[in-house]
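Since the structure comes first, as structure tokens, the remarks are kept for the end.
Just so it is clear, the model here is predicted, and its values are computed rather than measured. Every chain is numbered from 1 and lettered A, B, ... according to where its sequence line falls, protein lines coming before strand lines.
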Amino acid sequence: MADFLTPQHEDFSKWYNEIVQKADLADYSPVRGSMVIKPYGYTLWERIRDELDRRFKDTGHVNAYFPLLIPMSFLEKETEHVEGFSPELAVVTHGGGAELEEPLVIRPTSETIIGHMYAKWIQSYRDLPLLINQWANVVRWEMRTRLFLRTTEFLWQEGHTAHATRQEAVDETLRMLDVYTDFAVKEAAIPVIQGRKSESEKFAGAIASYTIEGMMRDGKALQSGTSHFLGQNFARAFDIQFLDENNEKQHAWTTSWGVSTRMVGAVVMAHGDDQGLVLPPHLAPIQVVIVPIWRKDAERAEVLAAAERIRARLKGLVRVEMDRREGYSPGWKFNDWEMRGVPVRIEIGPRDVANQTVMVARRDVPGREGKALLSMAELESQLPLLLEGIQTAIYNKALAFRDSHIIDVNSYDELKEAIETGFARAWWAGSTADETAIKEDCKATVRCIPTDQPGGAGVCIYSGNPATEVAIFGKSY
RNA sequence: CGGGGCAUAGCGCAGCUUGGUAGCGCGCACGGUUCGGGUCCGUGAGGUCUGCGGUUCAAAUCCGCAUGCCCCGACCA
């Protein structure tokens with residue numbers, strides 16, 4: 001057992017804080033609430049970024065970059081938007097040694113500046129749809145911060161699109177939600193629940209917000225991506241108008257959608273165990289690590305040479321590293337790489353060199369059961385299959401965990417019990433006030449109204465009103 | 001921003017009650033030993049005790065103020 005890491009069941013938050021730092025994902029910075037993303041953590045983010053970016057481009061989007069600084073007055077153009085964001089704005093009041101005439105805000109999100117530009121760029125229905133994404137940093141002065149989950153500054157992508165019709169914009173909103181779901185399932189191996197946010201949880205200025213909600217290993221929910229249908233709210237505020245086929249002026253219909261570095265936290269908390277990280281092979285910065293083992297100097301040269309030959313053969317096929325560090329015992333290295341979540345470890349010692357074999361250990365199956373002897377000749381053919389197998393196994397494990405922690409409840413008391421260990425699913429037709437009351441009573445919120453509905457009708461768990469939809473309740477990060 | 005806690009070596013902590021030579025574990029450096037699941041031994045480097053002010057012959061220790069961090073609430077990708 002790992003005594004260098006707090007067990008999850010003892011204190012999940014502590015486990016999280018420790019593993020993020022010990023696995024070299026991130027470190028605290030001198031400025032309150034912000035963090036340094038270290039190379040290992042950043043590489044993981046790059047993997048997330050590349051997989052998302054590929055999907056955005058496959059669905060017709062292009063990347064651009066809009067500025068960090070936004071005139072304060074822009075935020076004020078959309079009433080709900082400014083009300084939602086003003087408490088968490090960082091404002092620049094001075095520049096060049098003088099006080100600015102108009103304060104600039106550091107973007108908390110870019111709807112406003114992009115809306116302003118779209119108004120200039122869009123004149124005709126022929127200019128639509130406009131499908132732009134940007135990779136950027138944003139700043140929100142959060143009251144309480146946690147590494148990756150909620151930092152003052154974070155990295156994300158924000159897609160902003162404009163369309164000629166309501167239906168097109170709604171379709172886009174849902175298409176991107178599907179893209180996020182596809183990413184979460186196939187790459188992050190997180191079985192998310194996609195659905196619509198309740199009125200009280202939706203984005204400031206949106207008509208409707210959609211979300212993918214993941215379940216972490218402590219049963220709590222983490223919103224891992226959102227997609228917003230903004231209607232014509234921002235188009236009106238920023239005067240994004242175009243002439244349609246009939247030469248009539250119309251306001252454009254816009255959407256926005258984002259996934260942030262919080263996704264790193266989701267991967268950590270959805271799969272990690274008491275030994276440390278468990279990274280899905282598709283996202284792991286290092287997929288295979290080779291640990292050479294020797295006793296005497298003569299063995300050392302022989303083993304290192306054999307290990308190096310294997311590394312050279314696998315390079316290009318998988319993301320592989322060799323652990324050449326001196327002065328650490330093999331056992332120490334095993335634990336170290338397990339903590340870092342590397343999916344596959346190849347152990348190679350004098351015995352293996354003699355037999356032309358290696359010991360292959362998989363991270364997702366702890367102890368001896370996870371180890372298997374493999375002939376060196378089979379590495380190229382077997383490793384990619386093994387990595388895919390691990391990817392699937394990690395997903396299935398997370399899926400089984402999630403499904404066994406969602407309870408269909410028929411009373412409010414049952415709901416309160418269910419959200420202590422996971423999610424509760426219930427008929428829902430309550431008001432915003434009901435939601436607030438529930439939150440104050442037991443800290444649970446409507447995580448989403450799932451896309452996937454049972455159909456039929458029922459009785460609202462809280463208000464007793466007739467209900468046509470079920471909602472997922474849970475405690476969240 | 002309300003409530004609570006903490007601040008001493010890179011990290012985790014003891015010392016503070018009862019003021020008097022600043023310590024332990026891990027890590028780090030060097031040497032040896034070990035190496036198929038966090039080896040063991042030795043030597044060594046490393047601290048204006050968060051800052052400012054006060055009390056005192058004397059302050060890590062007592063008092064005041066400030067700052068930062070952590071936890072619980074309200075806010076949130």
Side-chain angles (χ1 to χ4, degrees), chain A residues 1-6 11 13-14 17-18 21-22 27-34 83-89 108-109 136-158 180 197 200-204 209-214 221-228 256-266 275-276 291-297 299-300 303 323 325-339 345-353 355 357-359 361 366-368 370-371 373 436 439-440 443 445 476-477:
Chain A
M1 251 306 132
D3 54 357
F4 37 85
L5 192 61
T6 300
D11 187 339
S13 285
K14 197 170 176 190
N17 283 331
E18 285 178 7
Q21 289 176 85
K22 289 188 178 185
D27 200 356
Y28 290 103
S29 94
V31 175
R32 189 197 77 92
S34 55
E83 280 171 7
F85 278 105
S86 58
E88 47 189 84
L89 293 178
T109 178
N137 57 339
V138 289
V139 166
R140 298 181 186 179
W141 219 261
E142 301 289 354
M143 292 294 131
R144 248 182 99 195
T145 58
R146 298 196 60 192
L147 295 169
F148 288 110
L149 302 181
R150 193 179 305 102
T151 46
T152 301
E153 176 186 357
F154 57 93
L155 306 183
W156 75 346
Q157 59 71 216
E158 45 180 329
Y180 287 159
K197 278 290 182 191
S200 60
E201 297 264 328
K202 78 177 191 196
F203 178 74
S209 287
Y210 298 83
T211 176
I212 50 170
E213 298 283 328
L222 185 71
Q223 179 173 329
S224 308
T226 49
S227 186
H228 311 293
S256 68
W257 26 275
V259 159
S260 72
T261 34
R262 173 181 274 187
M263 186 57 86
V264 174
Q275 305 301 316
V291 178
I293 298 160
W294 65 83
R295 229 179 263 269
K296 310 177 203 91
D297 269 359
E299 293 172 342
R300 176 178 182 276
V303 167
D323 188 347
R325 288 178 292 180
E326 306 271 348
Y328 292 96
S329 68
W332 192 94
K333 289 181 176 179
F334 296 168
N335 282 288
D336 193 48
W337 289 112
E338 281 172 10
M339 191 176 71
R345 181 180 66 242
I346 295 178
E347 307 169 14
I348 172 163
R351 282 203 306 259
D352 302 297
V353 175
N355 300 332
T357 58
V358 292
M359 189 64 86
R368 288 211 86 73
K371 288 197 183 192
L373 208 58
T436 310
K439 189 175 181 184
E440 277 171 13
K443 291 176 188 165
T445 49
S476 75
Y477 277 92

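- Between R140(A) and F334(A), the residue whose closest nucleotide on RNA chain B is further toward the 5' end is F334(A).
- Spacing of C1' atoms, U67(B) relative to G53(B), comes out at 14 Å, to the nearest Å.
- Contact annotation: R351(A) does not reach the phosphate of G36(B) (side-chain N/O to OP1 or OP2, under 4.0 Å).
- Across C1(B) and G37(B), the matching C1' atoms stand 49 Å from one another, rounded to whole Å.
- Look at E213(A) and K197(A) and you find a salt bridge, because one of the NZ, NE, NH1 or NH2 atoms lies within 4.0 Å of a carboxylate O, short of that distance.
- A74(B) sits 29 Å from G12(B) when the P atoms are compared, rounded to a whole Å.
- Residue K439(A) places at least one side-chain N or O under 4.0 Å from the OP1 or OP2 atom of C75(B).
- Annotation: U21(B) and A66(B) have their C1' atoms spaced 31 Å apart (nearest Å).
- C26(B) and C41(B) have their P atoms separated by 9 Å, with the value rounded to a whole Å.
- Note: F334(A) and W332(A) fail the aromatic proximity criterion, with ring centroids not under 6.0 Å apart.
- With hydrogens and angles ignored, no donor-acceptor pair under 3.5 angstrom links the side chain of K333(A) to the base of G36(B).
- At a threshold of 4.0 Å, the pair K371(A)-E347(A) counts as salt-bridged, since one of the basic side-chain nitrogens sits closer than that to a carboxylate oxygen.
- In this structure, N17(A) reaches the sugar-phosphate backbone alone: every heavy-atom distance under 4.0 Å involves primed, P, OP1 or OP2 atoms, never a base.
- A straight line from CG of D27(A) to P of C69(B) spans 14 Å, rounded to a whole angstrom.
- Judged by distance alone, the side chains of T6(A) and E18(A) do bring a donor and an acceptor atom under 3.5 Å apart.
- Relative to the side chain of K443(A), the nucleotides C28(B), C35(B), G73(B) differ in distance, and G73(B) lies closest.
- C11(B) and G54(B) have their C1' atoms separated by 34 Å, given to the nearest Å.
- Rounded to whole Å, the separation between the P atoms of A60(B) and U50(B) comes to 10 Å.
- When each of G33(A) and T152(A) is assigned the nucleotide of RNA chain B with its nearest heavy atom, G33(A) is the one assigned upstream, toward the 5' end.
- Note: Y180(A) and W257(A) have perpendicular aromatic rings, judged against thresholds of 30 and 60 degrees for the angle between ring planes.
- Looking at heavy-atom distances under 4.0 Å, M359(A) makes contact with a base.
- Within the structure, a side-chain polar atom (N or O) of S329(A) is placed less than 4.0 Å from OP1 or OP2 of U39(B).
- With hydrogens and angles ignored, a donor-acceptor pair under 3.5 angstrom links the side chain of R345(A) to the base of G37(B).
- Rounded to whole Å, the C1' atom of A58(B) lies 16 Å from the corresponding atom of A22(B).
- Taking side-chain N and O atoms only, K14(A) has no distance below 4.0 Å to OP1 or OP2 of C70(B).
- Summarising the geometry, the separation between CG on L89(A) and C1' on C76(B) is reported as 13 Å, rounded to the nearest angstrom.
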